[in-house]
Amino acid sequence: MQINELLKLTEWFDENIVENQVPQKYTALHSKMNQNIRRNGNQPLVPFESEKENLAESIKDITFQSLSLEQIKFLEQLEITELIGKVGVEQIDRVLIENNLDIATATKKIKEFSNTITKAQNTIKELQTTLLKSFEIEETDEVDNNQVLMRVYFQNDVAIENLTDFKKLSATWYDIGRGIAMAQDKSPEDFNIIGAKKGSIIVEMAVAVGLATSVSKILLESLKVADRFINVLKQVEELKALKLGNKKLALDLKKEAEKEREEGTQTILNSAIEDLQLNAEQNGDKITALEKSIKKLIGFTEDGGVVDFVQPNEPEEEEENDAIREEIQRLKTNISEIRLLENQIKLLENKINEEKN
């Protein structure tokens, strides 16, 4: 993770966790529940509904939609991703419902949650203090102005394990970059590789905001196609579960889903042509290259590859930056929608698996 990216994560934590007093509200809920363990046998139960509602209200709207995958991974290592947002509210409800008659166990679990959040807050605070004390950080240190940090994860069926993989996937990404760049009168050289990480190989690129926006738009539209496809598959599984015996309806639904998936590339291409204001008669070569780019990018992600972005800062308040500011806003919106759809698809896939089992 880049230093600025890490600093932005500490700012996100301050805005969402600290300012909403999430650690204090977890502590308050535990303290009130704990009174029920310490009370004498003839004393009435101490209600804690108010503390539970205060906590739920402070965490229910927290999302990770503005964060990069590396930032989310860091929060996962702090073990707090399951303790905030709608998932956090569901987790608290589950603990209280499952242990309705065992207040001691419920209190112990809430105490564990509270300790985890407090520990995460201390870690983030120490990190923030160390970073600000140890580094003179300029926003342009890692990525130039008007550029965005884009990460490409070569993993699963698109992992790079040898030179043959490297050659093949380099050619794939050349075509992806070339088509998107050509559509904006740029070149593959405008995808600047600035670093790489080991493990599942991650290549970091600094790309112009406009190019990043186009990549994010293609990814978003392909996720929309995937979401519709998986939604239909869920309906098929629900039909099977109902045991209505209507195999033809299930088969027709599945065929419709496959058709939409097949036509998805054309839908995405049409959307990109409209966004980039390309003309079929005047820009035929650009459209051909863009179509190839879209197909290869979709193929890359379907085989398990991932493309991610670190949200850039807004440019300084100057009139000439208005166009860049608008482009950055479009990129941020796309990134947020991508995160939202990714979570939606994950939930749908989990439900399908549950229904199959």
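All values reported here derive from a predicted model rather than from experimental measurement. When reading the values below, keep in mind they use all heavy atoms of this one structure, side chains included, and skip hydrogens, waters and symmetry mates.
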Closest heavy-atom pair, T107 versus I103, reported as atoms and distance to 0.1 Å, is OG1-O, 2.7 Å

Take M33 and E51, measure what side-chain contact (heavy atoms from CB on, under 4.5 Å) needs, and give me the verdict at the end. CA-CA 9 Å; M33 291 175 68; E51 286 74 16; over 6 Å; no

Is there a donor-acceptor pair under 3.5 Å between the side chain of Q155 and the backbone N or O of G304? yes

Point-to-point distance, once rounded to the nearest 0.5 Å, from NZ of K8 to CD of E15: 12.0 Å

Residue pair E302 / I298, side-chain heavy-atom distance below 4.5 Å: yes

Do the side chains of L219 and F309 get nearer than 4.5 Å, heavy atoms only? yes

Would you give the length of the straight line joining atom CD1 of I193 to atom CE of M205, rounded to the nearest 0.5 angstrom? 5.0 Å

Taking it one step at a time, do Q311 and S336 satisfy side-chain contact (heavy atoms from CB on, under 4.5 Å)? CA-CA 10 Å; Q311 288 201 7; S336 293; 4.1 Å; yes

Using a strict threshold of under 4.0 Å (side-chain N to carboxylate O), is an ion pair present between R330 and E327? yes

L29 side chain near F113 side chain, heavy-atom distance below 4.5 Å: no

Side-chain (S114) to main-chain (I110) donor-acceptor, under 3.5 angstrom: no

Would a 4.5 Å heavy-atom cut-off, applied to side chains only, mark K217 and E221 as touching? yes

Taking C-beta and beyond as the side chain, do W173 and L297 meet within less than 4.5 Å on heavy atoms? yes

Under the side chain to side chain donor-acceptor pair (under 3.5 Å) test, which residues partner D308, sequence neighbours left out? R339

Can you list everything that forms a side-chain contact (heavy atoms from CB on, under 4.5 Å) with E90? Sequence neighbours excluded, please. R94

Is it true that E76 and K73 have a side-chain N and a carboxylate O under 4.0 angstrom from each other? no

Does N283 reach the main-chain N or O of K286 with its side chain, forming a donor-acceptor pair under 3.5 Å? no

In the structure I gave you, are the side-chain heavy atoms of Q266 and L269 within less than 4.5 Å of one another anywhere? yes

State whether the side chain of T123 and the backbone N or O of K119 hold a donor-acceptor pair below 3.5 Å, judged by distance alone. yes

Between K109 and E98, does at least one N-O distance fall below 4.0 Å, as a salt bridge requires? no

So, D190 side chain and S187 main chain: donor-acceptor pair closer than 3.5 Å or not? yes

Check for a donor-acceptor pair, side chain of Q184 on one end and backbone N or O of G210 on the other, with a separation under 3.5 Å. yes

